[in-house]
Structure formats: C-alpha cells, structure tokens
Amino acid sequence: MSAIQFEKNADNIVILTLDSPNQSANTMNADFRNALTETVEKLKADENIAGIIFRSAKKTFFAGGDLDELIQATPEHATEFFNMIEEMKAKLRYIETRGIPVVAALNGTALGGGWELALCCHHRIALNDAKAKFGLPEVTLGLLPGGGGIVRMVRLLGLQNAFPLLMEGKQFGVDKAKSLGLIHDTADSEQELLDKAIAWVKANPQSVQPFDVKGYKIPGGTPSSPQVAQVLAIAPAMLRDKTKGCYPAPEAIMAAAVEGAQVDVDTALTIESRYFTYLATGQISKNMIGTFWHGLNAIKAGASRPKDIAKWKATKVGILGAGMMGAGIAYATVSKGIQVILKDVSLEAAEKGKAYSQKLLDKKVSQGRLSTEKRDQMLSLITATANAADLQGCELMIEAVFESPELKAKVTQEAESYLVDGGVMASNTSTLPITTLAQASKNDQNFIGLHFFSPVDKMQLVEIIKGKNTSSETLAKAYDFVQQIGKTPIVVNDSRGFFTSRVFGTFVQEGLRLLAEGVHPAKIEMAALKAGMPVGPLAIQDEVSLTLSEHVATETRKALQAEGKELPHSGADDVIQTMIHEFNRKGKAAGAGFYDYPEGGKKQLWEGLNHWKKDNAISEQEMIDRFLFVQSLDTLRCLEEGVLESVVDGNVGSIFGIGFAPWTGGALQFLNQYGLEKALLRANTLETKYGERFKAPQRLKDKVQAGEKIL
C-alpha cells in the first residue's frame with residue numbers, strides 16, 4: 001500500500017491522502033519519499049488538474065521525520081543524505097510552484113516534517129481541535145527543520161518573528177497559528193474540512209505562494225535592512241551566551257535563516273539542506289534523539305515497569321507533610337483530578353501547604369490558561385488536615401517530612417493503618433535507604449521510595465526506589481501513579497543516595513574541590529556551564545543549602561560507621577565547614593552563601609571566596625572533563641553495582657534529575673559518544689592526577705575489551 005493515496009474527483013481536484021503503511025502516524029520515511037516520487041510523476045503526466053489537497057487518514061495529520069532513520073545517518077553518508085533531502089524538497093517545490101491551488105486539510109497535529117509539508121501548501125485549514133499542535137520542534141533533538149521549514153517560516157513571518165519558533169522549537173495551537181496567519185481557516189468536522197478545501201480550490205483556480213510573487217518582501221526586512229541588521233549584530237553573541245557552544249542546532253538554524261533570507265527560495269532551500277545534513281550526520285543529534293525520543297518513549301511504554309500486572313489508577317492520595325515538597329506533590333496530584341488529603345502537625349501548616357496550590361492555580365487563571373471554575377474544582381480536591389483519621393481510604397500515601405529516619409518512622413506508623421488493603425506507603429526521601437525506612441512499616445512489601453525533585457510543579461522526573469522487599473505489584477502501582485500525574489519515572493534499587501542524589505553530589509563536590517584547590521570561583525561556574533550543566537556547582541550548593549549538605553554528610557558518616565565503614569573526608573567538606581562555622585554563610589535561604597543576594601539586585605559571587613584563591617593554572621577543558629567524567633563514571637558504577645538496572649534510566653535520570661549536559665544524551669551516553677577507549681584513557685589520567693573518584697569501573701574496561709558500547 002502506498003503512503004499517499006492518489007484520488008482525482010469529478011472537479012479534477014487531486015486529493016492526496018497521507019496514510020503511512022504499518023504505522024499509527026505519518027512520517028517522512030522511505031515509504032513517504034517513494035510515494036511522493038510516484039505522486040509527482042502522476043501529477044506531471046496529467047495537465048488537467050484543477051488543484052491539490054493534502055489530507056490524512058490517521059488521527060493526526062503528520063508526525064514529522066523518521067527518527068529511527070535519521071539516527072542512522074553518518075558523516076560517510078553525508079553526500080547521499082544531502083542528495084536524498086534535496087530530491088524530496090524538489091518534488092514538494094514542484095507541487096508548490098505548479099500554479100494551481102494547493103491546500104492542507106489539517107485534521108490534527110502537524111509537527112516537524114508534517115508542518116513543513118503544510119507550509120508547502122498555499123492555504124491551510126485546520127480542524128478546531130484544542131489538542132492539535134503545530135510547529136518545528138527539531139531543535140530539541142539537535143536538528144533543524146530540513147524540509148523547507150526555515151525558508152518558508154522566515155518568508156511568511158520575517159526573521160525576528162520566526163526565530164523563537166525555529167530556535168526554541170515552540171509548538172502552538174490552532175488559535176496561535178491563526179493569529180500568526182499560518183492557518184487561514186478552521187472547520188468543525190473532517191467533512192467540513194474537506195468541503196472548505198475543495199471550495200477554496202474552486203475559488204482560486206490560479207494560485208502561488210505569496211513569497212513566489214515577484215516583488216514580495218520578507219516581513220520586517222532582509223538581513224541588510226537597518227532594523228534587522230541591528231538585531232543580527234548582537235544575536236549570535238546572545239545565542240552563544242545561551243548555548244555556551246554546546247548546541248550546534250540553534251546556531252545552524254540562525255545561520256540558515258539569515259543566509260537563506262538573502263537569496264532566492266531555491267538557493268535558500270539548498271542552504272538549509274546543507275546545514276541539516278551537517279546536524280543529522282553529527283553526534284549531538286544522535287545523543288539527543290537516543291535519549292529524548294527513544295529513551296523517553298521506552299519509559300512511557302513501561303520499560304522499567306513489571307510486566308503482566310494490570311494498570312492501576314489512584315483516586316485518593318495521602319500526603320504527609322505540607323512543606324515545600326509535600327505542597328508541590330499535592331499540586332501535581334490534584335492537577336490530574338486526584339483527591340488529596342494533605343496532613344501536617346497543625347491545621348495551619350496544612351492550610352499553608354494547600355495555599356501553594358491556590359497560588360499556582362491563581363497564576364494560571366490570571367494568564368487565561370485556566371477557568372475559575374476549574375481552579376475551584378481542583379482546590380476542592382485538597383483536604384488540609386491535622387487529623388490522621390482523615391487519611392482513611394487512601395490507596396497511596398507519600399511521606400514528605402524532614403530527612404530524619406526517626407521522624408519518617410513515626411509519621412509512617414501513625415498514618416499507615418488508614419491505608420486501604422494493598423495500599424502503597426511511599427517515602428519522598430532523597431538519600432535515606434528505603435529498606436531501612438521500610439522497617440517502620442507493618443508491610444515492607446508495600447513500601448517504596450518516590451523521590452520527587454524541587455520545585456515539583458516544574459521538575460518532570462520521579463525516581464522510584466525499590467526496597468529490598470518491595471513487591472512487583474507495589475512497583476507497578478508507583479510507576480502507574482507517576483505517569484498518572486504526568487511525570488517521568490525511572491526505577492532504581494536501594495542504596496544510600498540512590499542514583500540521582502549520589503551522582504549529583506559528585507558534581508557539586510567537584511566544584512567545591514576546585515575552589516579548595518584555589519581556582520577562581522567565576523572560572524568554576526563558567527566551566528560547569530560550558531560543560532552543559534544548567535547551573536554552576538557553587539550556585540547549586542547555595543540553593544540546596546550548606547547546612548543540609550553538612551547534615552546529610554554527618555548522617556551518612558554515622559550510618560557508615562555503624563556498618564564498620566568510613567566516609568573519607570575531602571576538600572569539599574572543609575569548604576562547607578569553613579563557610580558555615582567560620583564565615584556564617586549557609587546558603588541562599590539564609591541570604592548569604594557562595595553568592596551574595598542583595599535585596600532587589602542580582603546575585604553575585606561573594607568576595608570572601610578569595611580565602612581559597614591560589615594561582616591555579618588549570619585549563620577550562622580540564623575542569624569541564626572533571627565535571628563530566630566524575631558524574632558519568634559514577635553513573636556507570638551505579639549500573640555496575642545494580643543501583644541502576646538500565647542504561648535508559650541512567651541517561652534520562654541524569655538529564656532530568658541532576659541536569660547532566662543534555663547535548664551528551666545523558667551520563668552513560670557521554671562515555672559512548674566520547675569513545676569508550678578514549679574515555680578509559682582519560683579516566684586513567686584523571687585518576688592519576690586527582691584520585692580514586694575517577695577510577696574507571698570494571699564495566700568500562702570490559703566494554704573496551706569487547707569492543708562494545710554501554711547499552
């Protein structure tokens with residue numbers, strides 16, 4: 001079966017129905033390209049065609065490029081890949097320039113290649129569907145729109161209006177598309193969609209793209225126009241400040257857009273193809289597609305969920321502790337229509353936790369993103385209480401109190417008796433072993449860790465921690481709940497710090513070690529940003545608070561000593577103790593840490609950090625390597641020790657949980673893309689210079705020996 005069904009009606013209008021075989025959505029794959037070739041041959045052979053309409057037989061219009069195919073493109077295939085893209089674009093250009101009306105009847109979402117196909121049409125009509133999304137999100141996967149998207153968006157909107165949609169990959173709905181002039185009309189049913197498309201073809205027997213009309217001017221001006229030239233003089237520097245040189249895609253998009261705006265359409269399309277080939281055959285797009293597409297889809301499909309256990313839905317959830325984390329979890333839960341009992345030691349504290357949801361919902365109302373009725377309905381789902389009996393009938397309880405084993409045990413025992421039979425008791429802890437916390441429970445098989453990240457309303461990841469005796473049913477329910485509230489679950493086995501807190505700690509400590517070694521603090525922060533981390537280690541340590549880090553280190557030492565082990569003291573510990581006990585600087589919440597926080601002003605590094613300043617001539621690349629290797633090697637150790645059970649969870653968890661550089665595709669993929677043999681040599685060098693934390697795990701040596709990747 002062809003991916004494009006060709007039908008000519010009584011009015012000589014050709015209706016091209018997109019229907020990729022063996023797929024739930026249409027994609028720009030080999031089937032599509034072959035079908036497009038056949039279609040264009042049929043069109044060329046028939047001079048008696050009044051117009052062309054593109055429509056879809058799928059639930060959506062068109063999903064975009066075939067990422068399974070794109071991830072295979074290598075530099076050796078660059079010429080072949082470039083020619084393939086150019087040939088496909090030439091066929092679309094033939095349809096666009098034949099001189100007859102071409103309409104896109106959009107019955108749903110059209111993203112990436114699907115939106116590019118729609119842009120090839122002279123007229124776009126969309127179904128009135130609030131869920132439909134349009135746009136060019138390729139940049140989020142390290143790519144650019146290579147099917148003419150840059151060229152046509154720039155010509156229709158102008159450089160300045162097109163930039164955010166292209167370089168940030170912003171998606172938009174029907175209303176926004178109409179306001180931009182990218183959607184010309186809407187319909188309330190698929191039949192009306194087709195009827196309107198046919199009517200437009202009949203009303204416009206001769207039609208061309210606006211930018212193919214002689215004398216057409218790009219809105220806002222070309223790059224040589226004074227107003228645009230002024231913006232372009234600083235735009236690359238602003239972009240580089242944002243990307244820190246880690247992401248070639250936004251830079252390639254800007255270059256293709258600006259260069260393409262200075263030449264004719266066909267030359268612009270070729271320029272776009274060249275940049276697209278450069279990105280598609282490069283390593284960074286492969287890293288990002290592997291994790292942000294294949295990895296996230298595997299997790300959505302339940303990769304780490306026990307099989308053969310029926311899907312589960314929570315209807316009533318108890319949250320114990322209405323502080324920052326408990327309040328955030330309550331908001332995430334009621335946002336999906338689930339009833340919440342929010343309990344704290346006093347009604348006042350519980351009400352304060354509920355007020356957090358009110359504040360976030362009020363903001364949505366003021367932005368026009370939520371109705372007052374919907375807000376009130378969601379708030380009515382939260383019962384704030386100090387009475388444990390109100391927890392009666394909860395199917396899941398999440399304890400979110402201070403990181404103290406004694407307090408957590410007390411809270412668990414007080415609430416647990418109100419759980420329904422087979423209900424799940426979860427702890428939102430970031431470091432305390434779940435097996436130890438489960439000892440307070442009357443049924444440790446139903447006990448599990450659910451580690452949320454702050455702020456909960458913004459952070460997508462939830463780390464699910466299995467205790468030694470956690471049952472498969474409990475794990476399946478926890479996984480289902482995390483997905484029910486729209487979060488991304490990864491599953492790890494129990495150990496101190498689990499995966500994310502443990503590896504995150506190595507990043508922050510490396511920054512503190514560098515400070516202790518006498519490196520200028522501004523250089524440390526900049527090296528971390530250039531490595532691709534979202535925030536520098538000193539700024540992060542201030543956010544976490546120095547006192548909390550000291551408390552966790554003290555508790556860890558006590559626990560290890562009880563097991564007859566020792567936690568070695570490091571330069572990072574000395575820095576924290578000096579900051580707290582000598583300089584009384586405890587972090588952002590206390591108003592003073594590694595940074596000063598002037599009221600109403602911008603934070604700035606504290607001058608007193610000169611206390612550690614020495615003439616350390618370490619290179620920026622050496623610091624970048626230390627940040628990336630200390631985390632990736634420890635992530636591999638987590639896999640080797642069985643803390644992590646899958647590479648996918650390691651890569652997704654490192655990016656979404658600890659902010660590991662997204663350009664790498666995750667902490668384990670970083671080693672793959674570096675080249676495992678080279679990574680082993682680099683780890684050995686770093687170990688010799690800086691110590692055992694850079695020691696290569698046996699798993700790395702084994703993979704190098706076998707000539708395999710970490711999969």
### Sub-4.5 Å side-chain heavy-atom contact between P489 and F481
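Answer no - side chains too far apart.
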
### Query
What do the steps show when you test F594 against L546 for side chain to side chain contact (heavy atoms under 4.5 Å, CB included), and what is the final call?
CA-CA 10 Å; F594 293 102; L546 283 75; 3.9 Å; yes

N-O pairing of [X] and [Y] below 4.0 Å:
| X | Y | result |
| --- | --- | --- |
| E251 | R240 | yes |
| E687 | R693 | no |
| E87 | R33 | no |
| K468 | D494 | no |
| R557 | D573 | yes |
| R682 | E622 | yes |
| D480 | R305 | yes |
| E645 | K466 | yes |

Hey, could you give me the [atom1]/[atom2] distance between [X] and [Y], rounded to the nearest 0.5 Å?
| X | Y | atom1 | atom2 | value |
| --- | --- | --- | --- | --- |
| I253 | L144 | CD1 | CG | 5.5 Å |
| W293 | I71 | CH2 | CD1 | 12.0 Å |
| M623 | E517 | CE | CD | 10.0 Å |
| E525 | I540 | CD | CD1 | 9.0 Å |
| R699 | L633 | CZ | CG | 13.5 Å |
| Q445 | S472 | CD | OG | 9.5 Å |

Is a side-chain donor or acceptor of [X] paired with a backbone partner of [Y] at a separation under 3.5 angstrom?
| X | Y | answer |
| --- | --- | --- |
| K487 | V456 | yes |
| S285 | T281 | no |
| Q483 | K300 | yes |

Can you tell me if [X] and [Y] form a side-chain donor-acceptor pair at under 3.5 Å?
| X | Y | result |
| --- | --- | --- |
| H77 | T74 | yes |
| T664 | Q669 | no |
| N446 | E473 | no |
| S273 | K89 | yes |
| D68 | H294 | yes |
| D702 | Q705 | no |
| D634 | T506 | no |
| S549 | Q541 | yes |
| S570 | Q509 | no |

### Task
Tell me, yes or no, whether the heavy-atom count around Q460 atom CD, taken from other residues, nucleotides or ligands under 6.0 Å, exceeds 12.
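Count over threshold, so yes.
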
#### Entry: Whether over 12 other heavy atoms sit under 6.0 Å from K307 NZ
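More than 12 heavy atoms, drawn from other residues, nucleotides or ligands, come within 6.0 Å of this atom.
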
### Query
With respect to E620, which candidate in K523, K530, K244 satisfies the salt bridge (charged side-chain N to carboxylate O under 4.0 Å, His left out) definition?
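The salt bridge (charged side-chain N to carboxylate O under 4.0 Å, His left out) with E620 is passed solely by K530 among K523, K530, K244.
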
### Query
Can the positive tip of R626 be found less than 6.0 Å from the middle of the six-membered ring of Y690, inside 45° of the ring normal?
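Judged by the rule (NZ or CZ under 6.0 Å from the ring centre, within 45° of its axis), R626 counts as positioned above Y690.
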
Measure centre to centre between the rings of [X] and [Y], then say whether the value is under 6.0 Å.
| X | Y | result |
| --- | --- | --- |
| F32 | F62 | yes |
| F81 | F276 | yes |
| F507 | F627 | yes |

